[in-house]
Protein chains: 2
Amino acid sequence: MTVWDRPEPPTRPAPLDRGRIVAAAIALADEGGLEAVSLRKVAALLDVGPMRLYGYISTKEELFDLMVDHVYAEILPEERPGDWREALHGLAHRTRQASLRHEWLADLLGGRPALGPNALAVTEATLAAFDGLTDLDTVMRAVETVSAYVTGAIRREIANLRAERATGLSDREWQHASGPHVTRMLATGRFPALATFVHEGTEVEPEASFATGLDWVLDAVAAKLDRPAGEPFRITP
Amino acid sequence: MTVWDRPEPPTRPAPLDRGRIVAAAIALADEGGLEAVSLRKVAALLDVGPMRLYGYISTKEELFDLMVDHVYAEILPEERPGDWREALHGLAHRTRQASLRHEWLADLLGGRPALGPNALAVTEATLAAFDGLTDLDTVMRAVETVSAYVTGAIRREIANLRAERATGLSDREWQHASGPHVTRMLATGRFPALATFVHEGTEVEPEASFATGLDWVLDAVAAKLDRPAGEPFRITP
DNA sequence: CTCATGTCGATACACTGTATTTTGGTGAGA
DNA sequence: TCTCACCAAAATACAGTGTATCGACATGAG
């Protein structure tokens with residue numbers, strides 16, 4: 001009677017928990033986008049009946065929230081930033097990188113308030129970088145303005161990326177060459193400004209355009225911080 | 001034999017066309033959000049079998065694209081703006097207003113490239129306002145930066161609005177009072193900056209915060225326009 | 001009057017999120 | 001040791017989804 005005779009005990013599947021569920025969902029989404037995430041497929045990936053999931057989440061939306069918060073962990077700054085500008089700059093670029101790794105994030109960004117622990121930690125770190133600099137309202141405006149830009153810019157970038165992938169052509173090539181619809185539209189002569197841009201514009205790296213747009217917005221914030229409006233806020237410890 | 005005896009001829013339903021389909025879809029979405037839009041319901045609203053729609057639309061995504069472009073008609077400026085700043089300012093506020101009238105627009109904004117005729121017309125009008133002002137790249141950066149901000153800000157505003165509606169409390173009230181989860185989080189002491197904001201922050205009108213954020217971004221653009229980088233672009237007529 | 005054509009409705013399929021019911025195993029009490 | 005109660009998990013069920021396919025019918029041509 002050796003090991004080889006004895007059958008392996010039936011490998012009891014690792015006990016279920018939110019972590020495993022979220023990981024499976026993210027794997028599916030990374031592969032095939034958000035629409036590839038179905039509770040049935042997630043459950044199947046975990047060798048479990050679909051209904052089991054409802055012990056850990058109560059709706060599919062909740063699963064999405066968990067996925068988002070899981071990615072916010074990748075967005076957390078690794079070390080305390082030197083100043084507010086570095087903080088916002090880093091936040092923006094890490095959010096962008098995360099969205100390139102997990103394109104589905106672009107579909108969810110800004111879709112609902114992010115209140116998971118990691119998202120809160122990210123906000124905390126960002127706000128902390130403004131400690132003692134200006135009044136509370138200005139800080140709020142600064143953070144929200146930059147976040148809005150970041151959300152919007154990332155969404156556009158991912159949308160263009162997908163469009164390119166779908167047509168096999170880069171954005172500019174496509175317009176130049178013969179995106180049938182747009183070319184026809186431009187040919188009508190009703191869009192002279194647009195036509196000028198399409199014909200004389202040059203291709204720009206997405207990252208570069210993200211970065212310079214971001215710099216502009218950060219400059220704007222800097223300008224406002226120069227003239228503090230009221231009591232500077234201090235974190236009450 | 002009077003009119004009253006003669007039965008009405010069976011009112012042949014108005015012939016189908018994209019316009020009617022899109023209008024029906026928008027009606028449904030205005031009422032119950034994007035998820036209330038199903039091809040079957042749209043078809044039912046038009047007294048038609050679901051498959052009829054595929055003569056006019058080849059996929060549900062296409063219907064969404066048409067809906068978006070339909071709303072872009074509401075975003076078109078009514079009169080030629082005085083200068084670029086007025087153009088961008090107006091574009092931003094009209095987009096926001098449209099999103100408040102059609103909340104589902106926030107879910108679609110930035111989700112994919114907007115290439116419908118009305119969207120193109122909006123872009124045309126915007127670009128035209130920069131005629132002769134700076135080089136082409138700067139104009140592009142300006143328009144894209146502002147658009148990104150607008151998309152992001154609107155998405156956040158609508159997301160908060162929905163959250164409020166769902167809980168019956170305004171954002172700040174909610175955090176103050178006892179959004180159970182967040183309050184618990186704050187109580188851990190791990191988020192001192194956030195806690196300061198929640199406790200000492202004052203409620204701000206969404207429109208005001210949208211407007212000031214927008215002004216900041218427009219200021220940033222103005223600063224860049226002051227120092228033109230290269231050949232100013234002229235619309236080639 | 002017949003036949004071809006092509007449009008429209010009905011049916012069908014594979015799948016979705018989730019509610020409800022059935023099952024099976026495990027503990028306590030007799 | 002046997003039985004019963006409980007409770008987690010699986011199976012089934014339901015009402016819907018987007019879309020492909022097929023069949024009938026009306027309309028126009030020959």
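Chain letters run A, B, ... following the sequence lines, proteins first and then strands; every chain starts at 1.
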Checklist outcome for this item: With sequence neighbours left out, the residues meeting ring-ring contact (aromatic ring centres under 6.0 Å, His included) with A:His70 are none
Checklist entry - Which residues pass the side chain to side chain donor-acceptor pair (under 3.5 Å) test with A:Asp30, sequence neighbours left out? => result A:His102, A:Trp104
Next on the checklist: According to salt bridge (charged side-chain N to carboxylate O under 4.0 Å, His left out), who are the partners of A:Glu124, at least two apart in sequence or on a separate chain?
Outcome noted: none
Checklist entry - What's the CG-P distance between A:Leu53 and C:dA19, to the nearest Å? => result 13 Å
Item to check | Footprint string (nucleotides 11-22 of chain D, 5' to 3'): B base within contact, S backbone only, - free, heavy atoms under 4.0 Å | outcome: B-B---BBBB--
Checklist entry - Which residues satisfy the salt bridge (charged side-chain N to carboxylate O under 4.0 Å, His left out) test with A:Asp69, sequence neighbours excluded? => result none
Item to check | Presence of A:Arg52 side-chain N/O under 4.0 Å of D:dA10 phosphate oxygens OP1/OP2 | outcome: yes
Checklist outcome for this item: Rounded to 10°, the angle between the first-five-pair and last-five-pair axes of the helix from C:dC1-D:dG30 to C:dA30-D:dT1 is 30°
Checklist entry - Can you check the A:Tyr56 OH to C:dT18 P distance for me, whole Å? => result 18 Å
Checklist entry - Got a sec, which residues hit salt bridge (charged side-chain N to carboxylate O under 4.0 Å, His left out) with A:Glu207, two or more places apart in sequence or on another chain? => result A:Arg96
Checklist entry - For B:Arg101, which residues count as a side chain to side chain donor-acceptor pair (under 3.5 Å) partner, sequence neighbours excluded? => result B:Glu74
Name the pairs: protein N/O against N/O of nucleotides 23-27 of chain C, kept only if under 3.5 Å.
none

Item to check | For A:Asp65, all residues meeting salt bridge (charged side-chain N to carboxylate O under 4.0 Å, His left out), sequence neighbours excluded | outcome: A:Arg112
Item to check | Results of side chain to side chain donor-acceptor pair (under 3.5 Å) for A:Arg156 - residues two or more places apart only | outcome: none
Next on the checklist: Using a strict threshold of under 4.0 Å (side-chain N to carboxylate O), is an ion pair present between A:Glu31 and A:Lys41?
Outcome noted: no
Item to check | B:Thr188: partners by side chain to side chain donor-acceptor pair (under 3.5 Å), with sequence neighbours left out | outcome: none
